Amino acid sequence: MELNGTSAVITGGASGLGAGTVRTLTALGVRCTIFDRNETGAKTLAEELGEGANYIGGDVTNPDDCQAAVDQAAEGGNLRIAVNCAGTGWVGRVINKDNTPHDLSAFKFIQELNIVGTFNVMTRAAGAMAGQDVMNEDGERGVIINTASVAAFDGQIGQLAYSASKGAVVGMTLPAARDLSVVGIRVLTIAPGLFDTPLLALLPDDQRTALGQSVLFPKKLGDPKRFGQLVAHIAENSYLNGEVIRLDGGIRMPPK
Ligand SMILES: NC(=O)c1ccc[n+]([C@@H]2O[C@H](COP(=O)([O-])OP(=O)(O)OC[C@H]3O[C@@H](n4cnc5c(N)ncnc54)[C@H](O)[C@@H]3O)[C@@H](O)[C@H]2O)c1
């Protein structure tokens with residue numbers, strides 16, 4: 001796919017991996033719609049990037065907000081890329097220290113955000129992309145890139161809800177790619193390891209350094225721009241499809 005002149009919608013685009021994606025794609029000539037619950041953060045980034053970016057506030061768990069974001073991204077025509085980065089984690093074991101069960105509302109909240117949020121944007125973006133002309137001789141119409149986590153495979157102690165949600169994002173990848181193959185839309189998932197985003201910035205410096213040292217190579221937390229680079233490569237390389245790609249410096253997470 002030729003990126004220059006296309007449009008993209010990026011959920012969670014105001015921060016971290018989503019912002020890294022927005023920066024990379026705008027530099028490559030992609031018009032980015034930043035869709036984030038943090039409207040102020042989305043506005044600030046869009047203003048910094050100028051003409052190449054616009055923003056819309058909203059919640060990925062709300063289907064109407066997702067439709068509005070996709071509609072806005074499609075306004076200029078040529079909506080070819082949807083990247084799902086909105087999401088978060090949760091720490092909680094199957095049973096608490098006093099043997100009471102994992103909080104159900106927390107479990108449901110994480111599934112709603114990480115799975116349903118991804119589903120909402122994927123389905124609406126696919127609908128908009130499917131109605132467009134093909135863009136190249138392969139018959140391509142677009143690409144959808146979702147974000148899982150290495151926790152989908154190496155879930156640690158306390159990651160029950162988070163790993164369940166990211167496992168579902170992994171599980172949706174192949175059937176979604178198969179469903180959308182008839183309309184020339186590819187679906188891929190990136191499973192990041194440990195990235196230096198506001199999520200991890202909450203940890204003290206020594207803990208962040210120790211986490212970086214636990215990466216196989218290079219021994220540091222990932223820069224969000226590496227995530228953006230992979231998004232751009234996936235979008236450009238039309239032969240990538242239906243796959244989950246770990247982006248993790250070779251890390252395999254221990255039990256804790
Ligand atoms: N940072 C890491 O090390 C890491 C590792 C593996 C996976 N991930 C995954 O990558 C994704 C992005 O993580 P990040 O580190 O960039 O986090 P982040 O907190 O920096 O950014 C997440 C963004 O999503 C937005 N958001 C949250 N809930 C939303 C909602 N309901 N609707 C719309 N926007 C919403 C937030 O406002 C924020 O701007 C998440 O799904 C996370 O699970 C991150």
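Source: prediction; values computed, not measured. Start at 1 and go down the list; that is how both ligands and their atoms are numbered.
Taking every non-hydrogen atom of G12 and a distance limit under 4.0 Å, the qualifying atoms of ligand 1 come out as 23 (C), 24 (O), 25 (C). The distance from ligand 1 to the heavy atoms of G58 drops below 4.0 Å at these ligand atoms: 32 (N), 33 (C). Taking every heavy atom of N38 and a limit of under 4.0 angstrom, the matching atoms of ligand 1 come to 37 (O). Remark: ligand 1 atoms within the under-4.0 Å shell around heavy atoms of L194 are 3 (O). Interface atoms of ligand 1 facing L17, defined by a heavy-atom separation under 4.0 Å, are 10 (O), 16 (O), 44 (C). For ligand 1, the atoms sitting less than 4.0 Å from at least one non-hydrogen atom of S15 are 16 (O), 18 (P), 20 (O), 21 (O), 38 (C), 39 (O), numbered in the order shown with element in parentheses. Those atoms of ligand 1 that come under 4.0 Å of a heavy atom in G16, given as number and element, are 16 (O), 20 (O). If you number the atoms of ligand 1 from 1 as listed, the ones under 4.0 Å from a heavy atom of C85 come out as 11 (C), 12 (C), 40 (C), 41 (O).
Counted within 6.0 Å of NZ on K219, heavy atoms from surrounding residues, nucleotides or ligands total more than 12; the atom is thus considered enclosed. No more than 12 heavy atoms of other residues, nucleotides or ligands sit less than 6.0 Å from atom CZ of F119.
Rounding to the nearest 0.5 angstrom, the gap separating the CD atom in E112 from the CG atom in N62 is 10.0 Å.
Screening residues 125-134 for salt bridge (Lys or Arg N to Asp or Glu O under 4.0 Å) gives no qualifying pairs among residues at least two apart or on separate chains.
Among all protein heavy atoms, the one lying closest to atom 27 (C) of ligand 1 is R37 NH2, 3.5 Å. The nearest protein atom to atom 26 (N) of ligand 1, hydrogens excluded, is given as A86 CB, 4.0 Å; this is a heavy-atom distance.
Considering every non-hydrogen atom in both M135 and M1, the closest pair reads CE-CG, 3.3 Å. Residues G242 and L188 come closest through the heavy atom pair N-CG, 4.1 Å. Here the closest non-hydrogen pair linking A128 and V70 is CB-CG1, 3.7 Å.
The pair E47-K43 counts as a salt bridge, with a side-chain nitrogen and a carboxylate oxygen less than 4.0 angstrom apart. Between R208 and D205 there is a salt bridge, since at least one side-chain N of the basic residue sits less than 4.0 Å from a carboxylate O of the acidic one.
For V60, heavy-atom contacts with ligand 1 shorter than 4.0 Å involve the backbone as well as the side chain. Contacts between A151 and ligand 1 below 4.0 angstrom, taking non-hydrogen atoms only, are absent altogether.
For atom 6 (C) of ligand 1, the choice among G89, P192, P224 with the nearest heavy atom turns out to be P192. For atom 17 (O) of ligand 1, the nearest non-hydrogen atom from the set L211, L113, T118, L199 belongs to L199. Compare F227, Y162, F195 by their heavy atoms: the one nearest to atom 7 (C) of ligand 1 is in Y162.
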Worked verdict on R80 versus E140 for side chain to side chain contact (heavy atoms under 4.5 Å, CB included): CA-CA 9 Å; R80 303 296 183 178; E140 195 172 10; over 6 Å; no
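Ligand 1 is never approached by G117 to a heavy-atom distance shorter than 4.0 Å. Residue T11 places no heavy atom under 4.0 Å from ligand 1. Taking 4.0 Å as the cut-off, A191 does not count as a neighbour of ligand 1 on heavy-atom distance.
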Under 3.5 Å, which donor-acceptor pairs link side chains of residues 244-254 to any protein atom two or more places apart or in another chain?
| from | atom 1 | to | atom 2 | distance (Å) |
| --- | --- | --- | --- | --- |
| R246 | NE | D248 | OD2 | 2.7 |
| R246 | NH2 | D154 | OD2 | 2.8 |
| R246 | NH2 | D248 | OD2 | 3.1 |
| R246 | NH2 | I251 | O | 2.9 |
| D248 | OD1 | G250 | N | 2.8 |
| D248 | OD2 | R252 | NH1 | 3.2 |

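An N or O contact shorter than 3.5 Å is missing between T61 and ligand 1 by distance.
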